[in-house]
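The structure appears right after this line, and notes come after that.
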Number of protein chains: 2
Amino acid sequence: MDKKDQNTEQNILNAAKKVFQLKGMDGARMQEIANEAGINKALLHYYFRSKQMLFDAVFKAAFEMIAPQLNEILNDESSIEDKIKNFTYNYISFIIQHPYLPNFIIQEINRNPEFILQMKENPGFPNLKKFKNQINDEVKAGQIKPIKAEQLFINILSLNVFPFIGKPLIEAIGDIDDNQFKLLIEERKTHVANFIINSIKV
Amino acid sequence: MDKKDQNTEQNILNAAKKVFQLKGMDGARMQEIANEAGINKALLHYYFRSKQMLFDAVFKAAFEMIAPQLNEILNDESSIEDKIKNFTYNYISFIIQHPYLPNFIIQEINRNPEFILQMKENPGFPNLKKFKNQINDEVKAGQIKPIKAEQLFINILSLNVFPFIGKPLIEAIGDIDDNQFKLLIEERKTHVANFIINSIKV
DNA sequence: ACTTTTGTTAACCAAATGGTTAAACTATTT
DNA sequence: AAATAGTTTAACCATTTGGTTAACAAAAGT
């Protein structure tokens, strides 16, 4: 594996990422990925044997970008309030840089739920254990209102992730353009945390 | 158009709905829809000229199931608290009966954002106007905490819609099975409204 | 220098796929 | 009952698509 090899491989991955995230597994075409990478279609199969394997590599890379973000709120040591503030701010900032990521991951997990089971094997896969303990403790200590950790987690995830997935719907119903949407998202970096904390603070 | 005609047409629509909602436009196959409907593939083209037109019919029908649900919270006359309670309860109950609907609609809107522009022409298409006025009025009257109507709407939508779209991800991270997920969703019929109202009540 | 391995391409292939055709079958009209 | 119009099918077609092959080019090893 010389430099050129690495370049080509990364080049293919970048092109594949672009096309897969835009069109999904079913909508993507190997020819389009080859064009995007500026290479021959056969070379795709030389580096990644099949469309499925190329897709798997792209999906895995995408998921490995998201997983640490989630672990930030699940496994960090600070108080729940601080965590919510940090997480919403960091997550929204991060997704602004990678706007296709959430929809891509959610879409493909739904298309083939067995994907996520493979990811689950990975040691870095997010899990709710620590978060559950923390919420239960803080509820017991009277620091926040009674709430089930699972529901709170779903709420945090929903409020942060959905706006990016539902963007075209939100823009249509709110009758706003991309720029106004961008401003709303910018606002949400702090709004979401305040909204959640308002709801659970004693 | 006799009885049999209507039956076949509806039969095709049902089959197409099933396949399209499960596989999406790109993943669906005309042959599979024909099999599902128990008819010849050519008959699909006899009733709906192309895959695109069949898909459009299915999508439109799906959207027309969702739109009135959204209008319930946008255009109803009752207080914001009552609306949130009613909407979350009704929406979640409704989606439990049609679990593939949210993902299908969001998915296909993202694949082709021009779809939603066509839907927007429809007079029944949800819009934020009335909702905005109501929120602004209730904020001014000191009945709820200051909040931008757009953000509140996004929050309501997120908390209600996302769990269904993110189901496999939530199940994986929470390490729960379909049955436990179902219980969480059942809980959310009231939890979501309480969570929102907690956050905005004075 | 030459042999071997690795990287790249153009041309090709078989299967799948959306769509068409022409004929058969069924109901309706006259 | 004959003609007409509407419904359904089997067979077919052109194109697209993921994947392969064989030849060529470029490094790397000897």
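Residue numbering restarts at 1 for every chain, and letters A, B, ... go by the order of the sequence lines. These numbers come from the heavy atoms of this one structure, side chains and all, not from hydrogens, waters or symmetry mates.
- For residues 18-25 of chain A, proximity to DNA chain D is found at no residue, defined as any non-hydrogen atom under 4.0 angstrom from a strand atom.
- Every residue two or more places apart in sequence or in another chain that forms a salt bridge (Lys or Arg N to Asp or Glu O under 4.0 Å) with Lys18(A) is listed here: Glu36(A).
- Residue pairs satisfying the side chain to side chain donor-acceptor pair (under 3.5 Å) criterion with at least one member in residues 87-101 of chain B, sequence neighbours excluded, are listed as follows: Glu72(B)-Asn90(B).
- Note: CZ (Phe48(B)) to P (dG18(C)) measures 16 Å, nearest angstrom.
- As a whole-Å value, the separation of His45(A) NE2 from dA22(D) C1' is 17 Å.
- Distance NZ (Lys51(A)) to C1' (dA16(C)): 12 Å, rounded to an integer number of Å.
- The phosphate of dT8(C) has OP1 or OP2 within less than 4.0 Å of a side-chain N or O from Thr8(A).
- When the side-chain nitrogen and oxygen atoms of Arg49(A) are compared with OP1 and OP2 of dG19(D), none of them lie within a distance under 4.0 Å.
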Review item, nucleotides 9-12 of chain C N/O atoms under 3.5 Å of protein N/O:
{"residue": "dT9(C)", "atom": "OP2", "partner": "Asn40(A)", "partner atom": "N", "Å": "3.2"}
{"residue": "dA10(C)", "atom": "OP2", "partner": "Asn40(A)", "partner atom": "ND2", "Å": "3.3"}
{"residue": "dA10(C)", "atom": "N7", "partner": "Asn40(A)", "partner atom": "ND2", "Å": "3.1"}

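- With hydrogens and angles ignored, the 3.5 Å screen pairs no side-chain donor or acceptor of Asn75(A) with any backbone N or O of Lys130(A).
- As rounded to whole Å, 13 Å separates atom C1' of dT17(D) from atom CD of Glu32(A).
- A ring-ring contact (aromatic ring centres under 6.0 Å, His included) check over residues 148-192 of chain A, counting only residues at least two apart or in different chains, returns the pairs His191(A)-Phe195(A).
- Within the structure, ring-ring contact (aromatic ring centres under 6.0 Å, His included) pairs that include any residue of residues 107-126 of chain A comprise Phe55(A)-Phe115(A), Phe59(A)-Phe115(A), Phe63(A)-Phe125(A) (at least two apart or interchain).
- The separation between Met30(A) atom CE and dG19(D) atom P is 6 Å, rounded to whole Å.
- Among residues two or more places apart in sequence or in another chain, the salt bridge (Lys or Arg N to Asp or Glu O under 4.0 Å) test is passed with Lys51(A) by none.
- With a 4.5 Å cut-off on side-chain heavy atoms, Asn198(A) and Ile200(B) do not count as touching.
- Atom CG of Asp26(A) is separated from atom P of dG18(C) by 11 Å (rounded to the nearest Å).
- Scanning for side chain to side chain donor-acceptor pair (under 3.5 Å) contacts around Arg111(B) gives Glu108(B), with sequence neighbours left out.
- The distance from atom CD1 of Ile12(A) to atom P of dG18(D) is 15 Å, rounded to the nearest whole Å.
- For Lys129(B), the side chain to side chain contact (heavy atoms under 4.5 Å, CB included) partners at least two apart in sequence or on another chain are Asn127(B).
- For Tyr47(A), whose side chain is taken as the heavy atoms from C-beta onward, the closest listed nucleotide among dG19(D), dG18(C), dT8(C) is dT8(C).
- At a threshold of 4.0 angstrom between heavy atoms, the contacts of Ala28(A) are confined to the sugar-phosphate backbone, with no base atom among them.
- Separating the CD1 atom of Ile33(B) from the P atom of dG19(C) is a distance of 11 Å, rounded to the nearest angstrom.
- When distances run from any side-chain atom of Ser50(B) to the nucleotides dT17(D), dG19(C), dG18(C), the shortest one goes to dG19(C).
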